[in-house]
Amino acid sequence: MPQTDRWPSRLWLVRHGQSAGNVARDAAHAAGDARIDLNLRDADVPLSGLGEAQSAALAHWFAGFDPGLRPQVILTSPYTRARQTADAVVVGGGTAEEVRPCLDERLREREFGQLDRLTTAGIRALYPDQAEARALLGKFYHRPPGGESWCDVILRLRSALDTLSLHHCGQNVLIVAHQVVVLCFRYLLEGLDEAQLLAIDAEGDVANCGVTEYEASADGRGMTLVRYNFVAPLREEGAAVTTAPDAPVAAR
């Protein structure tokens, strides 16, 4: 097999549409609360009404492509908000043909463990030792009790990249996941280091339904970034652009 066939022809990384958790987080911060008011597991948090509109706008954007250029494969986090976003792309005619999204637990949100559903103020008040540890280690290496560091997410995504190379080379692949997952894919695909990745993160949050796109490089050595955090599909449809972090914890 030629080396150029080791990667998907085109790869889109998309953060799910705005979720009810994003809305609850904003409300908690506005009220100065320590905890985010959610009665669901993080895995079960659905899209908000706006998130549904953002997902429909994304589907309409993909539907405008020539059929041969649309996603042929959809891999999605099993979390409800990501699955709903992926399903909306299919229902909205955004794929080459009717594609059944494939659930992949390696694409799930970063696990926050003991810090789940706490705001930044809540972490400082309830777990000052963890706030201190994160400040010392940095978000890339800090692992909350029972949770994951960014490095842990990267470890499982290395395996996901192997799956892309083995099973989806030469195809147009859409991955629907979460903010940290999108950023950690950039780390792997572009050969970034900690400082480079955190500099990208510091520029601003990944937008809900924002598109990060790669194409196979001409020399067959990897994937080349085409655009990052692209939100024109939302603006073209009049859907508001939102960038709030997911609900479990304010500090990613």
Side-chain angles (χ1 to χ4, degrees), residues 11-26 28-29 36 38 42-43 45-48 50-51 54-55 58 75-86 104-113 115-120 123 134 138-144 147-157 160 174-190 192 194 196-214 225 227-231 233-234 239-252:
L11 175 65
W12 297 278
L13 306 173
V14 172
R15 184 187 177 195
H16 59 80
Q18 185 196 58
S19 72
N22 299 144
V23 176
R25 172 197 171 275
D26 288 345
H29 274 272
I36 297 165
L38 280 174
D42 189 28
V45 173
L47 293 177
S48 66
L50 175 55
Q54 292 169 335
S55 300
L58 178 69
L75 306 176
T76 179
S77 160
Y79 282 30
T80 296
R81 54 192 181 271
R83 294 174 61 177
Q84 289 177 326
T85 303
D104 191 326
E105 71 285 345
R106 294 170 297 184
L107 304 175
R108 70 188 184 276
E109 173 65 289
R110 176 189 164 212
E111 296 178 0
F112 297 94
L115 307 185
D116 188 36
R117 305 189 192 190
L118 295 180
T119 62
T120 301
I123 295 170
R134 184 183 179 283
K139 66 171 68 175
F140 190 75
Y141 290 110
H142 176 248
R143 178 190 294 138
E148 293 179 300
S149 67
W150 284 35
C151 289
D152 294 323
V153 176
I154 288 167
L155 180 61
R156 52 177 156 93
L157 293 183
L174 168 62
I175 290 178
V176 182
H178 308 269
Q179 176 162 237
V180 171
V181 172
V182 171
L183 288 166
C184 289
F185 263 122
R186 286 202 63 179
Y187 174 88
L188 292 170
L189 290 168
E190 299 172 45
L192 305 178
E194 176 193 3
Q196 291 170 319
L197 179 62
L198 295 183
I200 293 170
D201 177 58
E203 292 175 357
D205 293 326
V206 177
N208 294 112
C209 283
V211 177
T212 297
E213 182 177 356
Y214 291 87
L225 181 68
R227 48 189 159 191
Y228 170 62
N229 214 10
F230 181 65
V231 295
L234 306 184
V241 176
T242 53
T243 59
D246 284 327
V249 60
R252 298 186 310 281

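Everything numeric in this text was worked out from a predicted model, so none of it was measured.
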Rounded to the nearest 0.5 Å, what separation is found between the [atom1] atom of [X] and the [atom2] atom of [Y]?
X: Ile123; Y: Leu115; atom1: CD1; atom2: CG; value: 4.5 Å
X: Asn22; Y: His16; atom1: CG; atom2: NE2; value: 6.0 Å
X: Arg15; Y: Leu58; atom1: CZ; atom2: CG; value: 13.5 Å
X: Leu234; Y: Ser55; atom1: CG; atom2: OG; value: 9.0 Å
X: Ile200; Y: Tyr228; atom1: CD1; atom2: OH; value: 6.5 Å

If we only count heavy atoms from C-beta on, is the [X] to [Y] side-chain gap below 4.5 Å?
X: Leu188; Y: Ile154; answer: yes
X: Ile175; Y: Phe185; answer: yes
X: Tyr79; Y: Asp42; answer: yes
X: Val45; Y: Thr80; answer: no
X: Arg156; Y: Asp104; answer: no
X: Glu111; Y: Asp152; answer: no
X: Leu157; Y: Leu107; answer: yes
X: Phe230; Y: Glu213; answer: no

Quick one: closest heavy-atom pair of [X] and [Y], and the distance?
X: Leu38; Y: Ala20; answer: CD2-O, 4.4 Å
X: Ala86; Y: Val176; answer: CB-CG2, 4.1 Å
X: Trp150; Y: Leu183; answer: CH2-CD1, 3.8 Å
X: Thr85; Y: Gly17; answer: OG1-N, 3.1 Å
X: Cys209; Y: Val14; answer: CA-CG1, 3.8 Å

[X] side chain to [Y] backbone, donor-acceptor under 3.5 Å:
X: Asn208; Y: Ser19; result: no
X: Asp26; Y: Val23; result: no
X: Gln54; Y: Ala240; result: yes

Checklist entry - Ion pair present between Arg110 and Glu148, side-chain N to carboxylate O less than 4.0 angstrom? => result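 Salt bridge absent between Arg110 and Glu148.
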
Checklist outcome for this item: With sequence neighbours left out, the residues meeting side-chain hydrogen bond (donor to acceptor under 3.5 Å, both in side chains) with Ser48 are Gln18

Checklist entry - Given Ser77 and His178, is the side chain to side chain donor-acceptor pair (under 3.5 Å) satisfied, shown in steps? => result CA-CA 8 Å; Ser77 160; His178 308 269; 2.8 Å; yes

Checklist entry - In terms of heavy-atom contacts, does CZ of Arg108 have more than 12 from other residues, nucleotides or ligands at under 6.0 Å? => result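 Yes, CZ of Arg108 has more than 12 neighbouring heavy atoms, counting only those of other groups under 6.0 Å.
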
Checklist entry - Does Arg106 CZ have over 12 foreign heavy atoms under 6.0 Å away? => result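 Yes, enclosed.
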
Item to check | Residue among Val181, Val206, Thr212 satisfying side chain to side chain contact (heavy atoms under 4.5 Å, CB included) with Leu13 | outcome: Thr212

Item to check | Qualifying residue for side chain to side chain contact (heavy atoms under 4.5 Å, CB included) with Pro46, from Arg81, Gln84, Arg83 | outcome: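 Only one option passes, and that is Gln84.
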
Item to check | Glu194: side-chain contact (heavy atoms from CB on, under 4.5 Å) partners, not counting sequence neighbours | outcome: Phe140, Tyr141, Leu198

